[in-house]
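Structure record follows, encoded as C-alpha cells.
Hydrogens, waters and symmetry mates play no part in the numbers below; they use all other heavy atoms, side chains included.
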Amino acid sequence: MSRRPLIAQIVAAIIAGLGLVAATSAHAWGTRGHEWITGLAIERLPPALPGFLRTPQAAEDMAVISREPDRWRASGQAHDAERDPGHYIHVDDAGLVLGVTPFAALPPTREAFDTGLRVQGADQYQAGYLPYAINDGWQQLVRDFALWRVERVGARTAKSPADRAWFVQDLRRREALTIRDLGVWSHYVGDAANPMHVSTHYVGWGAGPNPKGYSNAKDLHWRFEAIFVKANLDRAQVAPLLKPYRDCACAIAARTTAYLDASRAQVIALYDLEAADGFGKAVTPQSRAFVLARLAAGSDELRDMVMDAWMASATAEAAPGVKVADVEAGKLVVTRAQFGDE
C-alpha cells in the first residue's frame, strides 16, 4: 500500500472517530480559566515592562479580552474555517501531526506546514495550527512593544511640534492596540495548557488503539476545562502554584514547541483521572491539583512569553531603518515621516 492512501485513511479515521473539528473543539477553559490564566500573568509582570500594561484596569481588560476568540465562533463559514483551527493541533501518540509531520520539527511557516500536510492528503485545517497562532501573536507583540518604545521617545524628542503631537497621539493608540493584541493572543497560549488541545485525543480518546479503555465521552473536553473549573476551583487556588520567570534562552518557535510538548505529556494523566471519574462525581484532590497545575502552567508561560517579547523588542526595528536601540540611546531622532506620511 502506498503512503498516500495510508495517511488519507489515518486522517479520515481521526475526523470520523472524533467528530468534526468545528463541532468538537469546544471553548477552551471556559471564561474562568482564560481570565485566570491571563489576569494572573499580567499581574506578575515586573516594573521593567510598560506601566500601561500593569494597571489593575489593564489586567482586567486583557483577562476579559482573552475570551474573545471563543466569542467569535459561529461568525460565518469563511471566518470560522480560517480561525477555529488556531485553537489546537492534533498530535498523535507517536509525536506526529495527523500521522504525517513530526511535531518536534515543524516548519517555520503555516504555508510550509500546510504544503507538507497536503502532500500526504491532509491540511492545516484538519490538523490545527496552534503553534503558529502562538508564534504569530508573539511576533506581533514584539512589534507593538518596539513601536511603543520608539513613539514614547518621539513624543519627547521629535524636532517639530507637529511630529511630537503625532507621536503623543499614536502612542495612545499603540497602548490600546497592544492591550487588545496581547489579550487576544493570550487566549491561544492558554489553550495550549489544556493537553487535549495538543493531542488527537481531544473529545474522548477517539479512534485508534485504546488498550486501557479510556473514555470516548464527547463531553469530556468541556467537562474538564469549563464545568469542572466552575464547580470546583477558585482563582486564589492557582496563585500558590505560580513560578518565577524562566528564561529558556531560545527562539519563540522552540519555546512554543517545548511548552506544547510538556502539555501533551499530560494526556495520559488526564485520561487516568477521567477513568476514575475525577472530572465527574468523584472529584478528588488529585483531579483538582491536576487542573490547577495546568492553569498555572498556562499563566506562567504567558507571563514568560510577554517578558521575552519585551526584551526582544529592545533590539527590534520599529520601522525600516528605525532601530529601537538607536532611538532609545539618542543616536536617532525619529520623525513622523519615518512611519508613513504619504
Could you list all the disulfide (SG to SG under 2.5 Å) pairs where at least one residue sits in [range], not counting sequence neighbours?
range            : answer
residues 252-286 : none
residues 132-206 : none
residues 111-170 : none

Pairing residues for [X] by the side chain to side chain donor-acceptor pair (under 3.5 Å) criterion, not counting sequence neighbours:
X      : result
Ser263 : Arg294
Thr315 : none
Gln266 : none
Thr257 : none

ask   = How long is the gap from NE2 on His87 to CZ on Arg73, to the nearest 0.5 Å?
value = 4.0 Å

request  = Sort and list the pairs that fulfil salt bridge (charged side-chain N to carboxylate O under 4.0 Å, His left out) and have at least one residue in residues 256-269, not counting sequence neighbours.
outcome  =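 For residues 256-269: Asp261-Arg264.
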
Atom pairs and distances, donor-acceptor, side-chain atoms in residues 321-328, under 3.5 Å, two or more places apart:
| from | atom 1 | to | atom 2 | distance (Å) |
| --- | --- | --- | --- | --- |
| Glu328 | OE1 | Arg149 | NH2 | 3.3 |
| Glu328 | OE2 | Arg149 | NE | 3.0 |

Acceptor/donor pairs from residues 238-252 side chains to any protein atom, 3.5 angstrom cut, sequence neighbours excluded:
| from | atom 1 | to | atom 2 | distance (Å) |
| --- | --- | --- | --- | --- |
| Tyr245 | OH | Asp308 | OD1 | 2.4 |
| Asp247 | OD1 | Ala249 | N | 2.8 |

Ignoring hydrogens and angles, write down the donor-acceptor pairs under 3.5 Å from the side chains of residues 161-168, residues two or more places apart or on other chains.
| from | atom 1 | to | atom 2 | distance (Å) |
| --- | --- | --- | --- | --- |
| Asp163 | OD2 | Arg336 | N | 3.1 |
| Arg164 | NH1 | Ala158 | O | 2.8 |
| Arg164 | NH1 | Lys159 | O | 3.3 |

request  = May I have all residue pairs that pass ring-ring contact (aromatic ring centres under 6.0 Å, His included) and include part of residues 99-124, sequence neighbours excluded?
outcome  = Phe113-Tyr132

task = Mind telling me whether Trp310 and Phe145 have parallel, tilted or perpendicular rings, with 30° and 60° as the class edges?
result = perpendicular

